[in-house]
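Each remark here refers to the structure printed beneath this line.
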Amino acid sequence: MVVGAGVGGYVAAIKAANLGLKTLIIEKGAYGGVCLNIGCIPTKTLLKSGKVFEQTTQKAAAFGIEISKDAKITVNWTKVMERKEDIIKKLSSGVLYLMNKNKIKHLEGEALALDNHTIKVNGETYTADDLIIATGSTPRGLNLPGFEQAQKAGFLLNSTDALSLPKLPKKVVIIGGGVIGVEFASMFASYGSQVTLLQGLPTILEMLDGDLSKEMTKILSAKNNITIVTNAMIKGIEKNKVVYEVDGKEVKLEADYCLQSVGRQAVTTGFDNIGLQKTANGYIEMANDYCQTNIDNVYAIGDVNGKLMLAHVASHEGVIAVNHIATKKGVKHAGHTKMEFECVPSCIYASPEIASIGKTEEQCQKENIDYKAFKFPFSAIGKALADGDTHGFVKLIIENKYQTVIGAHIIGNRATEMISEIAVAMESEATIAEIAHAIHPHPTMSEAIGEAAEALLTGKTLNL
């Protein structure tokens with residue numbers, strides 16, 4: 001039995017059905033969960049529309065595309081929203097189709113665990129040998145003066161609210177310089193909104209390799225409609241003004257909306273009475289790398305376990321959990337894999353994109369790892385020049401004993417597509433020689449990976 005039909009839950013259910021296990025999935029909201037309905041897919045849809053607008057209005061001339069002076073290029077926000085909703089509906093209905101195709105029984109309703117084998121839904125009880133909790137997460141909020149009133153008034157938004165605004169804002173304040181905050185800052189700015197990003201820490205994207213954070217800060221700050229304020233202490237909200245303090249000075253900043261992106265919290269409602277162990281932050285604790293909890297027949301996958309709150313992690317955890325369940329049941333063709341969190345790629349879909357995997361250079365230094373790193377800039381790549389987007393670089397990190405890749409950090413156009421090569425290399429424990437010797441097609445952005453690998457292998461670059 002799977003509770004939650006998000007990316008993790010529905011993939012787990014399909015895998016279970018494919019392995020011949022009788023499967024039930026329960027969902028109280030929309031099929032596809034946060035990612036498909038109010039997360040990954042709608043944000044990337046809005047980012048794409050914004051990028052098209054930005055390229056047309058700001059970069060067309062550089063490509064030899066001339067727009068007459070009397071041509072009026074505007075954003076039809078209603079059409080942008082309609083496109084987003086159409087894509088969501090198509091994908092959500094696709095998930096339901098997959099449930100039916102794989103003969104998975106599905107129920108719509110809120111699940112309440114009576115014990116570790118029994119779930120109550122819509123007044124009916126259902127039992128199962130094993131239970132997978134895939135209930136996801138919701139946005140966290142700050143409890144500061146004026147925040148509750150501002151939320152009720154529609155001025156203070158969370159990431160879900162920001163995806164369905166009735167109009168395109170002229171001014172937006174974003175609290176939080178993490179992944180969600182930076183993506184929304186990039187998205188609103190691409191439509192022409194004036195964006196102020198308030199970050200309480202000394203840098204934005206502080207979890208990333210330092211070179212990535214510095215580069216993204218430089219690129220975003222160069223845009224005339226994005227202002228980044230670090231070391232900002234949020235004090236509260238007064239009507240349509242965000243009050244914060246920086247360097248001992250209080251500032252009141254007026255805007256159309258304020259978006260708070262300060263993390264997410266696990267949804268464990270309905271499962272708090274069966275003895276599950278939780279972390280200090282309220283996530284269901286994983287007892288091992290098979291996503292088992294402290295209760296042997298109960299598994300927790302995706303955001304609810306808080307390990308890495310990424311859609312592709314949730315689906316992978318779902319497959320691992322189901323394989324473990326099937327192995328216990330003696331299913332011969334069940335796989336036997338564990339979660340390897342050090343090999344998980346992370347992506348940020350701002351402009352430019354960021355993709356990262358493995359250790360940062362700062363982690364290598366802290367852990368006293370004998371390593372070597374090299375950055376190859378996209379400004380030396382022909383495809384980047386042809387695309388008119390030369391921002392960023394590929395940074396590879398290897399350990400010196402065996403020369404295997406232990407980290408990769410990419411910022412630039414198509415970074416999120418390129419990181420998969422490094423994920424495969426790390427999973428297979430490839431050496432830098434194998435990456436350098438692999439032929440990278442020309443002209444592509446991925447040539448930068450081959451160039452960085454060549455530099456680490458021989459100490460010299462070929463095209464720099």
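All values below were derived from every heavy atom in this structure, side-chain atoms included, with hydrogens, water molecules and symmetry-related copies excluded. Residue indices begin at 1 and follow the sequence shown.
- Separation of atoms OH (Tyr244) and CG (Leu253) is listed at 5.5 Å; rounding is to 0.5 Å.
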For Asp272 and Lys278: C-alpha separation, side-chain torsions, deciding distance, then whether salt bridge (Lys or Arg N to Asp or Glu O under 4.0 Å) applies.
CA-CA 10 Å; Asp272 294 327; Lys278 293 185 180 181; 2.6 Å; yes
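- Taking CG of Leu46 as the reference point, atom NZ of Lys51 lies at 15.0 Å (rounded to 0.5 Å).
- Asn224 contributes atom CG, which lies 7.0 Å from atom CD of Gln58 (distance to the nearest 0.5 angstrom).
- Met233 CE: 12 or fewer foreign heavy atoms inside a 6.0 Å radius.
- In this structure, CG in Leu131 is found 10.5 Å from OH in Tyr299, a value given to the nearest 0.5 Å.
- A salt bridge does not link Lys375 with Glu215: none of the charged nitrogens is closer than 4.0 Å to a carboxylate oxygen.
- In this structure, the side chain of Asn281 does not engage the main chain of Tyr283 through any donor-acceptor pair within 3.5 Å.
- Between Lys239 and Glu254 there is no salt bridge, since no side-chain N of the basic residue sits under 4.0 Å from a carboxylate O of the acidic one.
- Thr360 contributes a side-chain N or O that, together with a main-chain N or O of Gln363, makes up a donor-acceptor pair within less than 3.5 Å.
- Rounding to the nearest 0.5 Å gives a distance of 10.5 Å between OG of Ser186 and CD1 of Ile348.
- Put simply, the side chain of Gln260 gets close to the backbone of Leu142: a donor and an acceptor are under 3.5 Å apart.
- No donor-acceptor pair under 3.5 Å is formed between the side chain of Glu27 and the backbone N or O of Glu108.
- The residues Lys395 and Asp211 are annotated as salt-bridged, a charged nitrogen and a carboxylate oxygen being separated by less than 4.0 angstrom.
- Aromatic ring pairs are classed by plane angle as parallel below 30°, tilted from 30° to 60° and perpendicular above 60°; the pair Trp77 and Tyr191 is perpendicular.
- A salt bridge is absent between Glu417 and Arg414: the closest approach of a Lys/Arg side-chain nitrogen to an acidic carboxylate oxygen does not fall below 4.0 angstrom.
- In this structure, Tyr290 OH and Ile320 CD1 are separated by 9.0 Å, a value rounded to the nearest 0.5 Å.
- Using a cutoff of 4.0 Å between basic side-chain nitrogens and carboxylate oxygens, Glu238 and Lys252 are scored as salt-bridged.
- Between the side chain of Gln55 and the main chain of Val52, no donor-acceptor pair closer than 3.5 Å is present.
- Geometric assessment of Lys307 against the ring of Phe341 yields a positive cation-pi assignment under the 6.0 Å and 45° thresholds.
- Checked for salt-bridge contact, Lys152 and Glu148 meet the test: a charged N lies under 4.0 Å from a carboxylate O.
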Decide side-chain contact (heavy atoms from CB on, under 4.5 Å) for Val322 and Asp130; before the verdict, give the C-alpha distance in whole Å, the side-chain angles of both, and the deciding distance to 0.1 Å.
CA-CA 9 Å; Val322 169; Asp130 296 275; over 6 Å; no
